[in-house]
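Step one of this worksheet: look at the structure below.
Reminder, nothing fancy here: chain letters follow the sequence lines and each chain counts from 1.
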Amino acid sequence: MAIALIDANNFYVSCERVFRPDLEGRPVVVLSNNDGCVVARSAEVKALGIAIGTPWFQLQKQAQQEGIIAMSSNYALYADMSNRMMRILSTFSPIQEVYSIDECFLDLRGFAPAHLSRIGQAARLKIRQWLGLPVGVGIAATKTLAKLANHVAKKYPEYQGVCNWESLNTQTRQTLLQNLPVSEVWGVGRRLTEKLASQGIQSVWDLQQTHPVWMRQHFNILMARTIRELQGESCIALTEIAPTKQEIQSSRSFGRPVTRIEDLAEAINVYTVRATQKLRQQESICGAVRIDIRTTPFRPDKPQYHASQTVALAIPSQDTRILIKAALSGLRHIYRPQFAYAKAGVHLTEIRSVHQQQRDLFAAEALDIRSDQLMKTLDAIHTRFGHNALQPGVAGLQGQRDWSMKRGNKSPSYTTCWSDLARARS
DNA sequence: TCTGGGGTCCTAGGACCC
DNA sequence: TCTGGGGTCCTAGGACCC
């Protein structure tokens, strides 16, 4: 068994640099929606000790002193670069699992062990040459070890971006594991790190030496699985076909606090439109919609309110109009006028395949067909003219939505929009 | 003044049933 | 004196991932 994990270094920052070579070697961050907090950092920024998730406004002064360049996130660009990267990597193995926007697993079973590192180097070089993105490669017998090897490949320059765990000798492995904190392990987050520390488990080595059955009792089944994976026993299979989502959400923080129900209704509309598009894309229907609204948790001195409401549908549906109606009834139920809302969201749940749809005994079949056709037309228009091309009347006009998010420094959509196409500089 | 968004899985506890 | 046991289903909350 040999699994490779390939992922891009500082993916969002690297995407920006492909089209802005002048950003190379300079400290660059990419910000979340609303230019809220740091979601990607260049190596130069990491070296300054700036943590992921730091609110941008707290960094302004330091940014000025250090010359940090901040970009708003440009998801159209990152998604397109991701697709290109995945397509290139898919040529290295018949079995690929796209795990996130910037990383995938490849099944390298069947390749001679002696060739694995070279395959890793070839993949790395190709992504660099064809796309301009730097990537790291980890190869091992299990996914968890491949993730760890990938980390090693990036951390230690002598590996030149590729670490084949299986080719390392016992002593090297032990030294590496002893030097890696347990928090580097896939599946071990902040809370588990604390709990493990209280048991005297600090390094990955410490964790690997524990007994999975004992740990199953004191933690949970996921922990036992992680330990087995660290010990070289593959427990997490590669999933080639992305399973359909069991929950779909669309939520956003507002560009400014919102108090009027009309504005909230506009936002709920827009989010429901987005969520139902995703729902139809995976050929699903949903049985319930939940909406939630909240004030900012970062101002405890102000009145706080957080409420959510689930509205069950009489018949599972994928019709935007039906879902909007349900969502708005939920909103009216939980809305309180005295608060300043910072965020709203729409969640679709009880999702199942459209092919398992239960028909309404009393509804005319013709109505269903018309709904299907309307939704297909809507999706076609959105594909062609962008997802804001058509909105239900209640969603308000885009230019007038003053609650929309802020994106002060977004790069052009170089690869997905004709008018933004990158031009050669003269 | 200003703090992201979208997912998955597991567990505990309550309701309910026989 | 002594008040069962086991199963299923659902939901909320927590932990994790990128």
Atom [atom1] of [X] to atom [atom2] of [N]: distance rounded to whole Å?
X        : N      : atom1 : atom2 : answer
A:Asn150 : C:dC18 : CG    : P     : 10 Å
A:Arg294 : B:dT3  : CZ    : P     : 12 Å
A:Ile52  : C:dC16 : CD1   : P     : 17 Å
A:Trp186 : C:dC18 : CH2   : P     : 8 Å
A:Ile6   : C:dC18 : CD1   : C1'   : 17 Å
A:Phe11  : B:dG4  : CZ    : P     : 22 Å
A:Ile101 : B:dG4  : CD1   : P     : 19 Å
A:Tyr78  : B:dG6  : OH    : P     : 16 Å

[X] has a side chain; which of [options] sits nearest to it?
X        : options                : answer
A:Arg190 : B:dG5, B:dT3, C:dC16   : C:dC16
A:Phe298 : C:dC16, B:dG4, C:dC18  : B:dG4
A:Asn33  : B:dT8, B:dG5, C:dA15   : B:dG5
A:Leu222 : B:dG5, B:dC9, B:dT3    : B:dC9
A:Ile248 : B:dT3, B:dG7, B:dG4    : B:dG7
A:Ser251 : C:dC16, B:dG5, B:dC2   : B:dG5
A:Arg191 : C:dC18, B:dT11, C:dC16 : C:dC16
A:Phe57  : B:dG7, B:dT3, B:dT11   : B:dT3
A:Ile221 : B:dC10, B:dC2, B:dG4   : B:dC10
A:Lys245 : C:dA15, C:dC18, B:dG7  : B:dG7

Output yes when [X] and [Y] qualify as a salt bridge under the 4.0 Å nitrogen-oxygen rule, no when they do not.
X        : Y        : value
A:Arg17  : A:Glu44  : yes
A:Lys147 : A:Glu184 : no
A:Asp35  : A:Lys410 : no

Would you please confirm or rule out a distance under 4.0 Å between OP1 or OP2 of [N] and any side-chain N or O of [X]?
X        : N      : answer
A:Lys343 : B:dG5  : yes
A:Lys278 : B:dG7  : yes
A:Gln246 : B:dC9  : yes
A:Ser73  : B:dG4  : no
A:Arg299 : B:dC2  : yes
A:Lys195 : C:dG14 : no
A:Arg252 : B:dG6  : yes

**Message:** By nearest heavy atom, map A:Gly36 and A:Ser250 onto DNA chain B; which one lands nearer the 5' end?
**Reply:**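 Nearest nucleotide further toward 5': that of A:Gly36.
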**Request:** Would you mind telling me which residue lines up with the more 5' stretch of DNA chain B, A:Asn220 or A:Ser32, judged by nearest nucleotide?
**Result:**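 The 5'-side residue here is A:Ser32.
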**Asked** Does a sphere of radius 6.0 Å around CD in A:Gln64 hold more than 12 heavy atoms from other residues, nucleotides or ligands, not counting ones at 6.0 Å or beyond?
**Response**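 Open: at most 12 neighbouring heavy atoms sit under 6.0 Å from CD of A:Gln64.
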**Prompt:** Just wondering, more than 12 heavy atoms not from A:His306 lying within 6.0 Å of its NE2?
**Reply:**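 Counting neighbours around NE2 of A:His306, more than 12 heavy atoms of other residues, nucleotides or ligands fall under 6.0 Å, so yes.
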**Aromatic contact, A:Phe219 with A:Trp214 (centres under 6.0 Å)** =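 No, the ring of A:Phe219 stays outside the 6.0 Å limit from the ring of A:Trp214, centre to centre.
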**A:Asn409 and A:Ser72 side chains, donor-acceptor separation under 3.5 Å** =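 No donor-acceptor contact under 3.5 Å links the two side chains.
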**Item:** G-U wobble or Watson-Crick pairing nucleotide for B:dA12 (cut-off 3.5 Å, both distances)
**Value:**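 Its partner is C:dT11 (Watson-Crick or G-U wobble, both distances under 3.5 Å).
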**Prompt:** Is A:Val185 touching bases, backbone alone, or none of the nucleic acid, heavy atoms closer than 4.0 Å?
**Reply:**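 The residue A:Val185 makes sugar-phosphate contact but no base contact.
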**Message:** Over all strands shown, is A:Asp102 touching base, sugar-phosphate only, or nothing at heavy-atom distances under 4.0 angstrom?
**Reply:**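 The residue A:Asp102 makes sugar-phosphate contact but no base contact.
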**Request:** Pick the C1' atom in C:dG4 and in B:dC16, then give their distance to the nearest Å.
**Result:**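 One C1' to the other, the span is 16 Å.
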